[in-house]
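So the structure is just underneath, and the comments pick up after that.
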Amino acid sequence: MPVRFALAVAGATLTSFALAAPAAAHVLVQPGPASAYTLTAGRLWSLVAALLGLAGAVIGGLALARSAGRNGTGNGRRGAIVALVAGLAGAVIGGLVVAAADGGPGTGYGIVGGFVALVVGLIAMVLGWLALTRSRRTV
């Protein structure tokens, strides 16, 4: 009798775990609130986009300064194109982060960084466009 009792208890326990497992898994999968220092996927992508835009802005500024070199000897065409591409990539990734965000600032979706990436990417594209226009004019 004790063996049958042990098997019955084991079967009931396993059955209850099997029925409760999907509910427990659903609770475990729910995202918790993100702290201010947690690097979530949205924050990571917005950081990558902002860094791309910042690199494009710096390269665009250098290309703009180079294209206005002494006697028109400087050629910032490559830098202008790199600034355009990096600014476009930063703005597109930032826009995707903003479009995919489900919450506002502080929720961990990276919406603030996405907006920063949009602005910095647009600045990089403008600087690259100006440098490209100036380099065409001086050549």
Are Leu47 and Val116 grouped together when hydrophobic residues (ILVMFWY) are joined by side-chain heavy atoms under 4.5 angstrom apart? no

Between Ala49 and Gly94 the two heavy atoms that sit nearest each other are CB-N, 3.7 Å

Please tell me whether Leu130 and Ile81 are part of a single hydrophobic cluster in this structure, the criterion being side-chain heavy atoms less than 4.5 Å apart. yes

Indicate, with yes or no, if Val112 and Phe115 share a hydrophobic cluster defined by side-chain heavy-atom contacts under 4.5 Å among Ile, Leu, Val, Met, Phe, Trp and Tyr. yes

Which heavy atom in Ala80 sits nearest to a heavy atom in Ala131, and how many Å separate them? CB-CB, 3.8 Å

Heavy-atom pair of closest approach, residues Val97 and Tyr109: CG1-O, 3.7 Å

Could you give the distance from CG (Leu118) to CD1 (Ile123), rounded to the nearest 0.5 Å? 11.0 Å

For Ala63 and Gly79, the nearest pair of non-hydrogen atoms, with its separation, is CB-C, 3.7 Å

Leu122 with Trp129, same ILVMFWY side-chain cluster at under 4.5 Å: yes

Leu84 side chain reached by Leu132 side chain, heavy atoms, under 4.5 Å: yes

Shared hydrophobic cluster, Val119 / Val92 (ILVMFWY, side-chain heavy atoms < 4.5 Å): yes

Between Gly56 and Ala83 the two heavy atoms that sit nearest each other are O-CB, 3.3 Å

Taking all non-hydrogen atoms of both residues, which atom of Ser46 and which atom of Gly113 are closest, and how far apart? CB-C, 3.5 Å

With rounding to the nearest 0.5 angstrom, report the CG to CE distance, Leu88 to Met125. 5.5 Å

To the nearest 0.5 Å, tell me how far Ile59 CD1 sits from Leu127 CG. 11.5 Å

